[in-house]
Amino acid sequence: MVAESYLLCRPVGGLNDSLNQLEICWQYAAATHRVLILDGMFSGMLDRWERYFQIREDQVLRPVFYSDSMADRLNTLTCQPPAIAGAIDRYEVSTDGENCVEAASRSPLRFDLSRDHPEPLLVHHQYGGGTLSFAAIARLRLIPALAERIATLKAEHPSYIAVHIRNTDYQTDYEPILDALKVHPHAGEILLCSDDARCKQRAREALGERIFSSTATPDTQGRSLHANPDLDRWEQNSNALVDLAMLALADQLFLTKTTSGVYSGFSLLANFLHHHRPVLNGFLGVV
């Protein structure tokens, strides 16, 4: 870390939300010539992102991944927001309903993105979804081990249609899509990706041997798979990325709205990759 100014990005939320926050920081760091430091430990992945992602070679900005050894240096710097100066490795986080905040002062863990700041360290520790995630995922590539796992699965299932059903923290009325799949003219297999093990079981009952899964899903009794410290993070995070790619590689992809009438961010991300094969190929490291 030789540059004089830094932006520490600590995304919060599921994969799409986290990528959305990453892109906000990426664009700001590029515009203000700051070193972008990415810390995935506060995201729904609850793990270091370098275990899963690499930065694509065509990116001009080259972020670095946060490590505990950086804390001593960062703690010597004046900071925006000032409430966490000198405590980069130990501040406590809460929420005010709109922002992540430092627990004691209730100061939002963000800064004014419309201008540069004199402080050498800026910290963006926030959640929030959107479609900036599409730009962020185009900057990343999966590590080779995950890309090879996906290639092997795709070779085993060369032709299939796919559906994603979110049914833990968000609920989905998924019986209508199962009924529609029963009469779908596609003669091959049907990939179902879901965070709900009971949903997968119901699909197997309804559709029989046509249904297959790209990964196993634990029964969490309604708790989400992301931000769930009870689960093995490597297993769950790598499974989520495999599911994302396999959804995108399908011959046809079906999305389901939650009972609140929206598509999950994960569904939207899969749909974007499904319709943008060059980005998907880059994400998978396919030349």
Quick one, Arg10 and Val93 - any side-chain contact, counting heavy atoms below 4.5 Å? no
Side-chain touch Leu249/Leu284, heavy atoms, less than 4.5 angstrom: yes
For [X] and [Y], does a side-chain donor sit closer than 3.5 Å to a side-chain acceptor?
X: Ser18; Y: Trp49; answer: no
X: Arg204; Y: Gln201; answer: yes
X: Asn239; Y: Arg149; answer: yes
X: Thr32; Y: Asp116; answer: no
X: Asn167; Y: Thr172; answer: no
X: Tyr52; Y: Asp47; answer: yes

Give the intermediate values and the outcome of ring-ring contact (aromatic ring centres under 6.0 Å, His included) for residues Tyr28 and Phe111. CA-CA 11 Å; Tyr28 184 92; Phe111 55 89; 5.0 Å; yes
Give a yes or no on whether the backbone of Ser69 and the side-chain of Arg73 come within a donor-acceptor separation of less than 3.5 Å. no
Could you tell me which residues satisfy salt bridge (charged side-chain N to carboxylate O under 4.0 Å, His left out) with [X], sequence neighbours excluded, listed by chain and number?
X: Glu92; answer: none
X: Asp112; answer: Arg115
X: Arg56; answer: Asp58
X: Arg166; answer: Asp169, Asp195

Other than Ile161, what residues sit in its cluster of Ile, Leu, Val, Met, Phe, Trp and Tyr side chains whose heavy atoms are under 4.5 Å apart, directly or through others?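 Val163, Ile165, Tyr174, Ile177, Leu178, Leu181, Ile190, Leu192, Leu207, Ile211, Phe254, listed by chain and number.
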With ILVMFWY side chains joined below 4.5 Å, transitively, what does Leu231's cluster contain besides itself? Leu225
Row check, Phe65 ring normal vs Arg51 NZ/CZ: under 6.0 Å, within 45°: no
Using side chain to side chain contact (heavy atoms under 4.5 Å, CB included) as the criterion, point out the one residue from Asn75, Asp72, Asp39, Ile37 that pairs with Ile88.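 Of the listed options, the one satisfying the test is Asn75.
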Please verify the inter-ring angle class for His186 with His184; under 30° counts as parallel, over 60° as perpendicular, anything in between as tilted. tilted
Can you confirm whether more than 12 heavy atoms, excluding those of Glu98, are under 6.0 Å from its CD atom? no
Linked, directly or transitively: Ile55 and Phe134 (ILVMFWY side chains, under 4.5 Å): yes
How far does CG of Leu140 sit from CD of Gln54, to the nearest 0.5 angstrom?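 One finds 10.0 Å between CG of Leu140 and CD of Gln54.
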Tyr91 and His125: CA distance, side-chain angles, deciding distance, ring-ring contact (aromatic ring centres under 6.0 Å, His included) verdict: CA-CA 11 Å; Tyr91 64 83; His125 185 144; 5.7 Å; yes
